[in-house]
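Contents: one structure, followed by commentary.
Note that the numbering runs from 1 along the sequence shown for the chain.
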Amino acid sequence: MEVTAAAGDTPRRTRGARPQRRDGGRPVGVPYIVRNIPTYDILGEESLERIERTADRILAEVGIEFRDDPAVLDHWRRAGAKLDGLRVTFEPGMLKEIVGSAPSQFTQHARNPARSVEIGGRNVVFSPAYGSPFVTDIDKGRRYGTIEDFRNLIKLAQASPWLHHSGGTICEPVDVPVNKRHLDMVYSHIKYSDRAFMGSITAEERAEDSIEMARILFGADFVDKNCVILGNVNVNSPLVWDGTMTKSLRAYARANQAAVIVPFILGGAMGPVTNAGAIAQSYAETLAGCALTQLERKGAPVIFGNFLSSMSLRSGSPTFGTPEPAIGSMVVGQLARRLGLPLRCAGNFSNSKRPDAQAMQEGVMSMLSAVHCGANFILHSAGFVDGLLAMSYEKFVMDTDFCGALHAYLAGVVVDDNSLAMDAFLEVGPGHHFLGCEHTMRNYQTAFWDSALSDNEPFEKWVEQGETDMALRANRHWKKTLAEYEAPPLDEAIDEALRDYVERRKNSMPDAWY
């Protein structure tokens, strides 16, 4: 086990894991978590080296294809890689050397400076789930997502003290043309949240639009020197990078913005069924993407990403929240730390179609793996159901509530004069209770995490209040949250400039629905 914080360390209070409380007991969120528990190293040096050597062999003997982006092939040729048509092979150690210029930690700035996040090191950032074409709730069931749903989910994220990031494509707004929806999505993140956010990656020009809108918000000079937007790019596993992704990856790196490099390996389909083989493959694919960002712009921030998943070998269906990918995430964390790169890994995954016991069982399995593997940026922290085909309103708030519990979990155990409570023992003595003692009164507001959704009342009171389950309580909670939502202030001139940009870009092209 590797300890990432010295024994007895306490989290910095300004970035701590337990929010302070306003008058009335409502929690005030921290911008991100500084973990005060160790990460878990499950493999020894020999096993890690074997995985790295296997990845080196894959890169040197099999190689990776880079399709539909000649500029990438030029980058690799100049860097000394070997090219055979579209297939590129790499000498052992070459990619590690190239990624050495990437920062091990960086700030992603939010439009509200108090909400900026630190990505890397001991820092943990929770972000909503990403990419679902459908949304679902108890009242209306499963349906295609709309721009209204998209905005609602941003508002729920903004209102939660337990998330730190606005996310990206929280759901696909299919009522907006494919070639224009990225403009509405980025604008919505800026308008309805003051947190850091993600941009589009579905085409190079859409990535460029996202970055240009960030320049309008922050100023071009600031953006050139600072990270203000992330782009989540995916490998076309196995061992293929397609031009859509590499062009977007290079657009973000070129602008000094962070690309999140993520292979999605479905064991038995896009990679081996065995964990070690899938990890070696994902390591090779991710390392190549991270290195490419440095060839585009040396020193650009980049996040080492990973998405391991399993499948039902009887039906061929993907499975999520299962133990093998969860334990595999621990190894991915070790490998990322050896590279010195920030990590995106795992999340709150589930195949359940409803916000039920299966959803939370699978979600806890996968989310705890993200926490223990040392992930710095945890995408898919809230809302993920139906194998990521749908975003659930109820599960979204159930998951954010669980994220609140993880704030307390990641705080670890603080050992100081106050927490040792000797004054309480002296005051109370043998055989008496601590409820009214001075130490309890001094600490009661921040002593324990307090769930907004769990029922802790006696059975009789629960019956009197309607015998509600968690899903129904969550349904009421998200509706109340949206009813009470207030948008964070946005400078009117910036808002007007953004709306003008969106309108001009939309008017410059006909609608496209595919």
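In this structure, Asp41 pairs ionically with Arg337, as a charged nitrogen and a carboxylate oxygen lie closer than 4.0 Å. Using a cutoff of 4.0 Å between basic side-chain nitrogens and carboxylate oxygens, Arg505 and Glu212 are not scored as salt-bridged. Between Glu503 and Lys506, no side-chain nitrogen of the basic residue sits less than 4.0 Å from a carboxylate oxygen of the acidic one, so the salt-bridge criterion is not met. Ion pairing between Arg115 and Asp194 holds under the 4.0 Å rule for side-chain N and carboxylate O. One finds no salt bridge joining Lys180 and Asp184 here, because no Lys/Arg side-chain nitrogen approaches an Asp/Glu carboxylate oxygen to under 4.0 Å. Between Arg111 and Asp491, no side-chain nitrogen of the basic residue sits less than 4.0 Å from a carboxylate oxygen of the acidic one, so the salt-bridge criterion is not met. Ion pair Glu205/Lys247 not flagged as a salt bridge, since none of the NZ, NE, NH1 or NH2 atoms sits closer than 4.0 Å to an Asp/Glu carboxylate oxygen. A salt bridge links Glu208 to Arg254: one of the charged nitrogens lies within less than 4.0 Å of a carboxylate oxygen. Taking the charged nitrogens against the carboxylate oxygens, Lys225 and Asp221 have no contact shorter than 4.0 Å, which rules out a salt bridge.
For Asp84, the CG atom sits in a loose shell: 12 or fewer heavy atoms of surrounding residues, nucleotides or ligands are nearer than 6.0 Å. Counting non-hydrogen atoms of other residues, nucleotides and ligands closer than 6.0 Å to CD of Glu46 gives a total of 12 or fewer. Atom CZ of Arg53 is surrounded by more than 12 heavy atoms from other residues, nucleotides or ligands within 6.0 Å. At most 12 heavy atoms of other shown residues, nucleotides or ligands fall within 6.0 angstrom of atom CD in Glu97.
Taking the six-membered ring where the residue is Trp, the centroids of Phe150 and Tyr192 are separated by 6.0 Å or more. Taking the six-membered ring wherever Trp is involved, the centroid distance between the rings of Phe66 and Trp76 falls below 6.0 Å. Ring centroid separation for the pair Tyr501 and Tyr187 does not come in under the 6.0 Å cut-off. Checked against the 6.0 Å centroid criterion, the rings of Tyr32 and His165 do not qualify as a close aromatic pair. Tyr409 has its ring centre less than 6.0 Å from the ring centre of His372.
Using modelled atom types and a 3.5 Å distance limit, the side chains of Glu204 and Ser248 yield no donor-acceptor pair. If you check the side chains of Ser282 and Asn306, you find a donor sitting under 3.5 Å from an acceptor. Side-chain contact check for Thr322 and Ser310: at least one donor-acceptor pair (N or O, by modelled atom type) lies under 3.5 Å. Side chains of Arg344 and Asn232: a donor-acceptor N/O pair is present below 3.5 angstrom, by distance only.
Using a 4.5 Å heavy-atom cutoff, the side chains of Ile261 and Phe304 are not in contact. By the 4.5 Å heavy-atom criterion applied to side chains, Asn179 and Arg206 are counted as neighbours.
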_Stepwise side chain to side chain donor-acceptor pair (under 3.5 Å) test for Arg67 and Asn236_ = CA-CA 10 Å; Arg67 300 175 180 175; Asn236 196 353; over 6 Å; no

*Run the numbers on Asp224 and Asn256 for side chain to side chain donor-acceptor pair (under 3.5 Å), then give the verdict.*
CA-CA 6 Å; Asp224 187 58; Asn256 199 31; 5.9 Å; no

*Under the ring-ring contact (aromatic ring centres under 6.0 Å, His included) criterion, do Phe396 and Phe384 qualify, and how do the steps go?*
CA-CA 7 Å; Phe396 191 96; Phe384 185 127; over 10 Å; no

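Note that CG of Leu287 is 10.0 Å distant from CG of Leu335, once rounded to the nearest 0.5 Å.
Shown here for Ala196 and His109, the closest heavy-atom pair between the two residues is CB-O, 4.3 Å.
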